[in-house]
Q: 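So that we are looking at the same thing, I have put the structure below in structure tokens.
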Amino acid sequence: MKEAQYAALMAFYAARPARRRLLCGLCRGLPLMVAAAYLIMVAALFFIQKSVPWDLLGYPALTLGAVEVLRHLFPRARPYACYGFEPLIGHDCSGSFPSRHSASAAIIALAAGSLAPSLGVALGLAALLIGATRVLAGVHFPRDIAAGFLLALAIGLPGFHFFL
């Protein structure tokens, strides 16, 4: 997105406080919901099976590690830092590429989908919403979100044996 598009978004939400509160609530609440679903899934497996398959812990950890490596190799500024506006949610000035929230939500959705396809679909939809809200809030470019999703797919699809 270009500077003018972000300026229009910020003006749109500044003029509509109720929509701004909704967007900010989604930005904060959706990642917590996805993380809670993941923790409940892992805890339930542990209590039922007395173990957790290594891939449910390993592939999300690998994805987060890859995000951090890519952020170090390809430092990119966030939209608000590039264009000089105040984002809708408070945020630090760490790297933007790829999106940690998007990658995390996507790999969790893939992990859930490997156990319960309907849960995976629900969390996949939540991951898409997380990506959209991060762009709308002005803390990520669309490329950051896409890169996070692609990274999670590259690790998760073969890792969770979706192609076998």
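Quick note: numbers below take in every heavy atom, side chains included, and nothing from hydrogens, waters or symmetry partners.
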Q: Grouping I, L, V, M, F, W and Y whenever their side-chain heavy atoms are under 4.5 Å apart, do Phe46 and Ile40 come out in a common cluster?
A: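 No.
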
Q: Check whether any side-chain heavy atom of Val34 sits under 4.5 Å from a side-chain heavy atom of His101, and report yes or no.
A: no

Q: With a 4.5 Å heavy-atom cut-off, do Arg19 and Phe12 have their side chains touching?
A: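 Yes, side chains in contact.
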
Q: Identify the two heavy atoms, one from Met10 and one from Glu86, that lie closest to each other, and give their separation to 0.1 Å.
A: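 Minimum heavy-atom contact is SD-O, 3.8 Å.
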
Q: Test of understanding: clusters of I, L, V, M, F, W, Y form through side-chain heavy atoms closer than 4.5 Å, transitively. Do Leu30 and Leu64 belong to the same one?
A: no

Q: Take Leu56 and Leu115 through the test side-chain contact (heavy atoms from CB on, under 4.5 Å) and record every step on the way to the result.
A: CA-CA 10 Å; Leu56 290 182; Leu115 297 173; 3.5 Å; yes

Q: Check Arg76 against Phe97 and note the closest heavy-atom contact, atom names and distance.
A: CG-CB, 3.5 Å

Q: What distance do Ile108 atom CD1 and Met33 atom CE have between them, rounded to the nearest 0.5 Å?
A: 10.0 Å

Q: Please evaluate residues Arg78 and Ser94 with respect to the criterion side-chain contact (heavy atoms from CB on, under 4.5 Å), reporting the C-alpha separation (whole Å), side-chain torsions for both, the decisive distance (0.1 Å), and the verdict.
A: CA-CA 8 Å; Arg78 295 183 179 276; Ser94 64; 3.4 Å; yes

Q: Sequence neighbours left out, cut at 3.5 Å: what donor-acceptor pairs do the side chains of residues 125-133 make with other protein atoms?
A:
unit_1 : atom_1 : unit_2 : atom_2 : d
Thr133 : OG1    : Leu129 : O      : 3.2
Thr133 : OG1    : Ile130 : O      : 2.9

Q: Establish whether Phe47 and Leu119 are linked, either directly or via other cluster members, by ILVMFWY side-chain heavy-atom contacts under 4.5 Å.
A: yes

Q: Please give me the minimum heavy-atom distance between Leu88 and Cys24, naming the atom from each residue.
A: O-SG, 3.3 Å

Q: Ring of Phe141, cation from Arg143 - is the NZ or CZ under 6.0 Å from the centre and inside 45° of the axis?
A: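 Output yes; distance and angle both within limits.
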
Q: So which atom in Tyr38 and which in Pro60 form the shortest heavy-atom distance, rounded to 0.1 Å?
A: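 The answer is OH-CG, 3.7 Å.
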
Q: Please tell me if the side chains of Pro53 and Leu45 come closer than 4.5 Å, counting only heavy atoms from C-beta onward.
A: yes

Q: Once you round to the nearest 0.5 Å, how far does CZ of Arg28 lie from CG of Leu23?
A: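 Going from the CZ atom of Arg28 to the CG atom of Leu23 covers 9.5 Å.
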
Q: Can you name the nearest heavy-atom pair linking Phe149 to Ala106, along with the distance?
A: CD2-CB, 3.7 Å

Q: With sequence neighbours left out, what residues match Tyr59 under ring pair (Phe, Tyr, Trp, His ring centres under 6.0 Å)?
A: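 Tyr59 satisfies ring pair (Phe, Tyr, Trp, His ring centres under 6.0 Å) with Trp54, Phe160 once adjacent residues are dropped.
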
Q: If you define the side chain from C-beta out and look only at heavy atoms, does anything of Pro98 sit under 4.5 Å from Arg71?
A: yes

Q: Indicate yes or no for a side-chain donor-acceptor contact from Glu68 to the backbone of Gly65 under 3.5 Å, with no hydrogens or angles considered.
A: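 Such a contact is absent between Glu68 side chain and Gly65 backbone.
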
Q: Give me the atom names and distance for the closest heavy-atom approach of Tyr80 to Phe85.
A: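 Residues Tyr80 and Phe85, closest heavy atoms: CB-O, 3.1 Å.
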
Q: Say you draw a straight line from CG of Leu157 to CG of Leu150; how long is it, rounded to the nearest 0.5 Å?
A: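 Those atoms lie 10.0 Å apart.
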
Q: Quick one: CG on Leu110 to OG on Ser114, what's the gap to the nearest 0.5 Å?
A: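 The distance works out to 8.5 Å.
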
Q: Are Ile155 and Val42 connected in a single hydrophobic cluster, I mean Ile/Leu/Val/Met/Phe/Trp/Tyr linked by side-chain heavy atoms less than 4.5 Å apart?
A: yes

Q: Passes side-chain contact (heavy atoms from CB on, under 4.5 Å), Met1 versus Leu9? Steps please.
A: CA-CA 11 Å; Met1 287 179 44; Leu9 273 175; 3.3 Å; yes

Q: Is there a continuous path of hydrophobic side-chain contacts, each under 4.5 Å between heavy atoms, that joins Ile107 to Val69?
A: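 Linked, Ile107 and Val69 end up in one cluster.
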
Q: To the nearest 0.5 Å, what is the distance between CG (Leu62) and CG (Leu57)?
A: 12.5 Å

Q: Taking His140 for the side chain and Ser96 for the main chain, is one N or O donor matched with an acceptor at less than 3.5 Å?
A: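 At least one qualifying donor-acceptor pair exists.
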
